[in-house]
Enquirer: 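Here it is, the structure in full.
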Amino acid sequence: MIVGRDRLSGPSLEVAPLLLGAVLVSTVDGAEVAVRLTEVEAYNGLDDPASHAYRGETPRTAVMFGPAGYLYCYFTYGMHWCANVVCEADGTASAVLLRAGEVVRGVDAAMARRPAARMPRDLARGPARLASCLALDRAANGLDLCDPASPVRLESLGSSPADLVRTGPRVGITVATERPWRFWLDGEATVSAFRVGRRNRVAT
DNA sequence: AGGACGATTAACT
DNA sequence: GTTAATCGTCCTC
């Protein structure tokens, strides 16, 4: 079952917990790899200083301002890609960063893409690792997750028990750190470690 | 045209 | 715990 766009069209804070337990399937580059999401983060637009969309629409963030159900991929630290599910209505920027998950199909293909992973639980434990084992990069930006013919699709939107959902501050950011907009499933081994954002990189 | 910095990771000590 | 790697994006001249 593919996920309907209307189910993703709400605010990121409502969509984020729904995505926990959902399965993201990639058939990019031929191999099929599927990840069951265990950790996500909500990002809003103009009212969220930590969001890429905070300062308005740019070529990079254009997908975030479009309709729900599309993939927003961005390049960071000069080497990594990360993936988001866009939510909210067309014209309103909002997205959910996919931070971690469990590879439930295509473990071999995922291992081939992630030679540094020593154990299966590390394959998609972290946003850039997750994007890497699903082969998500510039070419995947803007793909429709609600189209059955798309190379990246969202299956079985999570029906995770509410009492397993935990929340806390988002990882790696330096502003709006007080907002508890990170969501994860309690007890999952694939949830990434919390880390505060780095500041003053150039300081001596 | 120049520069700061990042929704990170892997490999160190 | 610390740090190098590495470059697109955006802000400030």
Side-chain angles (χ1 to χ4, degrees), chain A residues 8 11-13 15-17 19-20 24 35 37-65 70-88 92-103 110-142 145 166-184 189-204:
Chain A
L8 302 171
S12 59
L13 279 171
V15 174
L19 286 171
L20 293 176
L24 189 68
V35 166
L37 301 173
T38 57
E39 180 190 0
V40 299
E41 281 175 357
Y43 285 86
N44 276 347
L46 303 177
D47 63 337
D48 181 6
S51 171
H52 291 161
Y54 182 57
R55 291 176 176 80
E57 185 174 341
T58 66
R60 179 173 71 148
T61 60
V63 177
M64 268 186 86
F65 284 81
Y70 289 82
L71 200 60
Y72 165 50
C73 297
Y74 68 90
F75 183 66
T76 191
Y77 291 103
M79 64 198 92
H80 299 303
W81 289 90
C82 297
N84 297 246
V85 173
V86 172
C87 34
E88 282 276 12
T92 301
S94 190
V96 177
L97 171 68
L98 308 179
R99 281 203 60 89
E102 172 196 3
V103 177
M111 290 286 283
R113 290 170 180 157
R114 299 248 319 106
R118 300 197 182 183
M119 35 203 338
R121 81 162 217 174
D122 290 330
L123 285 172
R125 186 172 185 247
R129 292 166 164 185
L130 183 150
S132 180
C133 75
L134 293 173
L136 305 180
D137 58 16
R138 177 181 297 284
N141 188 46
L145 298 170
R166 298 286 177 276
T167 66
R170 293 176 290 185
V171 177
I173 57 173
T174 56
V175 293
T177 53
E178 76 290 351
R179 304 185 188 189
W181 289 1
R182 179 188 187 213
F183 299 77
W184 68 93
T190 51
V191 174
S192 69
F194 181 79
R195 176 179 32 75
V196 296
R198 302 191 66 176
R199 274 186 178 282
N200 302 327
R201 291 161 39 102
V202 186
T204 55

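A note on names: the letters A, B, ... follow the listed sequences, proteins ahead of strands, and every chain is numbered from 1.
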Enquirer: Can you check the A:Asp137 CG to C:dT6 P distance for me, whole Å?
Expert: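 Whole-Å distance recorded here is 18 Å.
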Enquirer: Say you draw a straight line from CG of A:Leu13 to CH2 of A:Trp181; how long is it, rounded to the nearest 0.5 Å?
Expert: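 With rounding to 0.5 Å, CG (A:Leu13) is 5.0 Å from CH2 (A:Trp181).
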Enquirer: Can A:Asn44 and A:Ser12 be counted as having a side-chain donor-acceptor contact under 3.5 angstrom?
Expert: yes
Enquirer: Let me know the distance between CG of A:Leu136 and C1' of B:dT8, rounded to the nearest Å.
Expert: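 From A:Leu136 CG to B:dT8 C1': 16 Å.
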Enquirer: Applying side-chain contact (heavy atoms from CB on, under 4.5 Å), name anything that partners A:Thr177, two or more places apart in sequence or on another chain.
Expert: A:Ile173
Enquirer: Can you list every pair that meets salt bridge (Lys or Arg N to Asp or Glu O under 4.0 Å) and has a residue in residues 166-176 of chain A, with sequence neighbours left out?
Expert: A:Asp48-A:Arg170, A:Arg166-A:Asp186
Enquirer: How many Å lie between CH2 on A:Trp81 and P on B:dG6, as a whole number?
Expert: 19 Å
Enquirer: Distances under 3.5 Å between protein N/O atoms and the N/O atoms of nucleotides 9-13 of chain B, please, pair by pair.
Expert:
unit_1: B:dT9; atom_1: OP1; unit_2: A:Pro127; atom_2: N; d: 3.2
unit_1: B:dT9; atom_1: OP1; unit_2: A:Ala128; atom_2: N; d: 3.0
unit_1: B:dT9; atom_1: OP1; unit_2: A:Arg129; atom_2: N; d: 3.3
unit_1: B:dT9; atom_1: O4'; unit_2: A:His80; atom_2: NE2; d: 3.2
unit_1: B:dA10; atom_1: OP1; unit_2: A:Arg114; atom_2: NH1; d: 2.7
unit_1: B:dA10; atom_1: OP2; unit_2: A:Arg129; atom_2: NE; d: 2.7
unit_1: B:dA10; atom_1: OP2; unit_2: A:Arg129; atom_2: NH2; d: 2.4

Enquirer: Taking only residues two or more places apart in sequence, or in another chain, which ones meet A:Arg114 in a salt bridge (charged side-chain N to carboxylate O under 4.0 Å, His left out)?
Expert: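 Salt bridge (charged side-chain N to carboxylate O under 4.0 Å, His left out) list for A:Arg114, sorted by chain: empty.
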Enquirer: Show me the donor-acceptor pairs, under 3.5 Å and distance only, between side chains in residues 81-88 of chain A and residues at least two apart or in other chains.
Expert:
unit_1: A:Asn84; atom_1: OD1; unit_2: A:Leu97; atom_2: N; d: 3.4
unit_1: A:Asn84; atom_1: ND2; unit_2: A:Tyr72; atom_2: O; d: 3.3

Enquirer: Identify the stems formed by DNA chain B, where each pair is Watson-Crick or G-U wobble with both distances under 3.5 angstrom and a stem is at least 3 consecutive pairs.
Expert: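 So the stems come out as B:1-6 with C:7-12, B:8-12 with C:1-5.
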Enquirer: What pairs with A:Val196 under side-chain contact (heavy atoms from CB on, under 4.5 Å), at least two apart in sequence or on another chain?
Expert: A:Phe194
Enquirer: Can you name the residues that form a side-chain hydrogen bond (donor to acceptor under 3.5 Å, both in side chains) with A:Thr38, not counting sequence neighbours?
Expert: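 Scan of A:Thr38 (side-chain hydrogen bond (donor to acceptor under 3.5 Å, both in side chains), adjacent residues dropped) gives A:Thr190.
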Enquirer: Measure CZ/A:Phe75 against C1'/C:dT6 and give the value in whole Å, please.
Expert: 7 Å
Enquirer: Need one value for A:Ile173: base, sugar-phosphate or nothing, where a base atom within 4.0 Å counts as base even if backbone is also close, heavy atoms only.
Expert: sugar-phosphate
Enquirer: Determine all donor-acceptor pairs shorter than 3.5 Å in which one atom belongs to a side chain in residues 126-140 of chain A; sequence neighbours excluded.
Expert:
unit_1: A:Arg129; atom_1: NH1; unit_2: A:Arg125; atom_2: O; d: 2.8
unit_1: A:Asp137; atom_1: OD1; unit_2: A:Ala139; atom_2: N; d: 3.0

Enquirer: Could you list the protein-to-nucleotides 10-13 of chain C atom pairs, N/O on both sides, closer than 3.5 Å?
Expert:
unit_1: C:dC10; atom_1: OP1; unit_2: A:Thr58; atom_2: OG1; d: 2.6

Enquirer: Can you list the residues that meet the ring-ring contact (aromatic ring centres under 6.0 Å, His included) rule with A:Phe65, with sequence neighbours excluded?
Expert: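 Once residues adjacent in sequence are excluded, A:Phe65 has no partner under the ring-ring contact (aromatic ring centres under 6.0 Å, His included) criterion.
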Enquirer: Would you mind listing every salt bridge (Lys or Arg N to Asp or Glu O under 4.0 Å) that reaches into residues 38-47 of chain A, with sequence neighbours excluded?
Expert: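 Found A:Glu39-A:Arg99, A:Glu39-A:Arg182, A:Glu41-A:Arg99.
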Enquirer: Under the 3.5 Å rule, do the base of C:dA5 and the side chain of A:Tyr77 count as making a donor-acceptor pair?
Expert: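 For A:Tyr77, whose side chain was compared with the base of C:dA5, there is no donor-acceptor pair (under 3.5 Å).
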Enquirer: B:dT8 P sits how many Å from A:Glu39 CD, rounded?
Expert: 10 Å
